[in-house]
Amino acid sequence: MTTLPQINGFVPRDIAINRTDLSRAHHLSGDIYTSPQVYARELDEYFSKEWLFIGRVEQFDKPGDYQARRILGRPVLIAKNKAGVIQAFHNMCRHRGVEVAGGEGNARTFMCPYHGWTYDLDGKLVGAAYMGDSEGFDRATCRLPSIALDAWRGNLFINFAAQPKPFADAMADLERDFAMLHPERCRLADITRTTLRCNWKFFHENLMDYYHVGVLHAKTFGKRFSWTPENLVLKPSGGLTMRYLASPSTPDGVSLFGKAPWLANEENSFACTAFYPPNMTLFGRIDMVKIITAWPDGPDRCEVSIYMMFPEEFFAHDDFESKVAVYREYQKVIYDEDRSMIESMQKAMALPNYEPGRLSVMEKPIHHFLSRYVERMFGTNP
Ligand code: FES
C-alpha cells in the first residue's frame with residue numbers, strides 16, 4: 001500500500017508533477033498554495049536554509065549606515081561598521097528582546113528604547129546601566145546574535161541557518177552564468193515595493209511563465225519577446241537560467257541610456273533570466289540588471305521588491321532620474337497586468353472545485369521548479 005506524503009498531518013491532493021513528464025503533467029493541487037502546514041515547512045526547508053537576497057552594498061555606503069527590517073517576520077538589523085564591513089544581526093535586545101533599532105539611517109550605536117542597553121556597530125553591548133550587581137553578568141561577551149551575510153558582486157545575501165552552506169558554492173551558478181552582467185559595476189537606481197495577495201511561489205512562477213507573455217502582455221513587451229525551451233538550463237535546485245530575445249524595459253523597447261559598456265557587442269534584444277529558489281529572480285537586459293524578491297507573508301500573501309540597477313556610467317546623465325522614472329512606470333504597467341492574474345489564481349486555489357489543469361510545453365520552467373519543490377518538501381518519491 002502506498003503511503004501518502006504528509007506534512008504535520010496535512011496530505012496534499014495532487015503532487016504527482018515530479019513523477020510525470022511535462023507532456024502528461026498537471027499543475028499542483030490548490031492546497032499547496034494555501035495550506036498553513038505547507039507554508040510552515042517552506043519556511044523551514046527553504047527560507048531558513050538558503051542564501052536570500054536582501055539588497056545592495058550601495059544601500060550601506062558609509063560606516064554607520066543601517067536598515068532595520070522585518071524579514072519573514074523576524075526583526076533583522078543590517079549595519080556597516082567602522083571598518084566598512086556590512087553585517088546582519090537579529091534585531092533583538094539581549095535583555096528582554098525588544099528591537100534595538102527601527103527604520104534606516106546612520107548611527108554610531110543602537111540604544112534599546114526600553115531600558116537603554118546600547119550596542120555598537122558590531123552588535124557588541126557597550127552600555128547597560130545598573131547591571132554591576134548582577135552576578136556573573138559580563139557585558140564584554142554580550143552581543144546581538146549574528147546572521148550570516150555575504151556579498152556577490154554588490155548583491156547582499158543573508159542566511160538564517162546556524163551553519164549556512166558555503167556562500168561560494170551557493171553563488172557558483174550565478175558567477176558562471178551572470179558575471180558578464182557585471183552587477184558590481186552597476187548601482188541601485190530604484191526599488192519598487194508592493195504587496196501581492198498570492199502565494200510566494202505564484203509570483204516566481206509567473207516570472208518564469210513564458211506561456212502567458214504573448215497573450216497577457218501582447219500590448220506591452222510581449223510583441224518584442226521570443227524564447228524557445230531549448231535555451232533553458234535547468235538546475236538541480238529547481239532554479240534555472242535562460243537566454244532569450246526581448247528589449248529594454250521601456251514603452252517603445254528602446255534604451256534611454258544605450259548599452260552597458262561590457263555588453264557593447266550584444267544585440268539590443270539581449271535578455272537573460274535566472275531563478276534562484278526560493279526568493280530571487282534576476283533579469284539582465286542590454287542596459288540594466290533587475291533583481292526581484294518575493295518574501296512570503298503567510299500562504300496567500302507576499303511582499304515583492306524590485307531592484308533596478310544601471311551601469312555607474314549612466315548615473316552621470318543630466319536627466320537620469322526622469323529616465324529611470326520611465327523604466328519604473330513601464331514596469332508598473334506590466335506588473336499590474338500580472339497582478340490581477342496571479343491574485344485571481346490564488347483565489348481559485350482555495351475553492352473546493354478547483355482541479356489542476358494540464359501544462360503546456362511553454363511551461364517547462366514551472367514544471368521543473370515544482371518537480372524539484374515537491375521532492376524537497378515531500379521526499380524524492382512521494
Ligand atoms: Fe532592551 Fe531591556 S529590553 S534594555
Side-chain angles (χ1 to χ4, degrees), residues 36 39-151 155-164 167 191 193 195 200 279 293 295-299 301-303 305:
Y39 177 68
R41 171 70 69 88
E42 289 171 344
L43 294 186
D44 286 346
E45 186 55 43
Y46 277 97
F47 291 91
S48 297
K49 292 180 180 174
E50 299 298 333
W51 286 95
L52 306 168
F53 175 83
I54 47 97
R56 292 279 303 179
V57 293
E58 58 267 31
Q59 293 178 277
F60 304 89
D61 191 29
K62 301 182 292 298
D65 283 355
Y66 75 91
Q67 286 184 358
R69 295 173 55 179
R70 292 282 180 107
I71 297 178
L72 303 167
R74 309 179 201 196
V76 173
L77 175 60
I78 305 162
K80 190 172 202 171
N81 70 8
K82 287 182 181 169
V85 178
I86 303 171
Q87 302 175 94
F89 309 97
H90 292 280
N91 187 8
M92 191 172 16
C93 182
R94 292 300 301 271
H95 182 217
R96 301 202 67 187
V98 167
E99 292 169 64
V100 303
E104 60 183 80
N106 188 274
R108 297 170 64 182
T109 56
F110 303 106
M111 188 177 83
C112 178
Y114 201 3
H115 311 98
W117 286 24
T118 302
Y119 303 85
D120 69 11
L121 295 171
D122 289 302
K124 190 174 155 200
L125 184 66
V126 292
Y130 302 105
M131 293 298 294
D133 291 336
S134 299
E135 196 172 322
F137 177 73
D138 182 8
R139 199 174 80 180
T141 59
C142 198
R143 54 196 319 141
L144 297 175
S146 291
I147 301 170
L149 181 148
D150 215 326
N155 301 296
L156 295 172
F157 294 79
I158 60 170
N159 192 312
F160 286 110
Q163 294 184 309
F167 184 68
I191 305 177
R193 299 190 197 278
T195 299
W200 65 274
N279 87 326
T293 59
W295 294 104
D297 183 16
R301 182 182 156 102
C302 61
E303 304 289 340
S305 298

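Everything numeric here is computed off the predicted structure, so don't read it as measured data. Atoms within a ligand are numbered from 1 in the order they appear, just like the ligands themselves. Starting from 1, each residue takes its place in the sequence as its number.
- At least one side-chain heavy atom of Leu72 sits less than 4.5 Å from a side-chain heavy atom of Leu52.
- Residues Cys93 and Tyr114 form no side-chain contact, since every pair of their non-hydrogen atoms from C-beta on lies 4.5 Å or further apart.
- Distances from atom 1 (Fe) of ligand 1 show that Cys93 has an N/O/S atom below 2.8 Å.
- Counting heavy atoms from C-beta on, the side chains of Leu125 and Arg94 never come closer than 4.5 Å.
- A salt bridge does not link Asp120 to Lys124: none of the charged nitrogens lies less than 4.0 Å from a carboxylate oxygen.
- His115 contributes atom ND1 as its closest N/O/S atom to atom 2 (Fe) of ligand 1.
- Summary: ND1 is the N/O/S atom of His95 found nearest to atom 2 (Fe) of ligand 1.
- Remark: aromatic rings of Tyr119 and Phe89 are distant, center separation not under 6.0 Å.
- Using a 4.0 Å cut-off between heavy atoms, Trp117 contacts ligand 1 through both its backbone and its side chain.
- Protein heavy atom at the shortest distance from atom 1 (Fe) of ligand 1 is Cys112 SG, 2.3 Å.
- With rounding to the nearest 0.5 Å, the separation of CG in Asn91 from CG in Leu77 is 5.0 Å.
- Of all atoms in ligand 1, listed by their number and element, those nearer than 4.0 Å to a heavy atom of Arg96 are 3 (S).
- Within ligand 1, counting atoms from 1 as listed, the ones closer than 4.0 Å to a heavy atom of Gly116 are 4 (S).
- For ligand 1 and Tyr114, the ligand atoms under 4.0 Å from any heavy atom of the residue are 3 (S).
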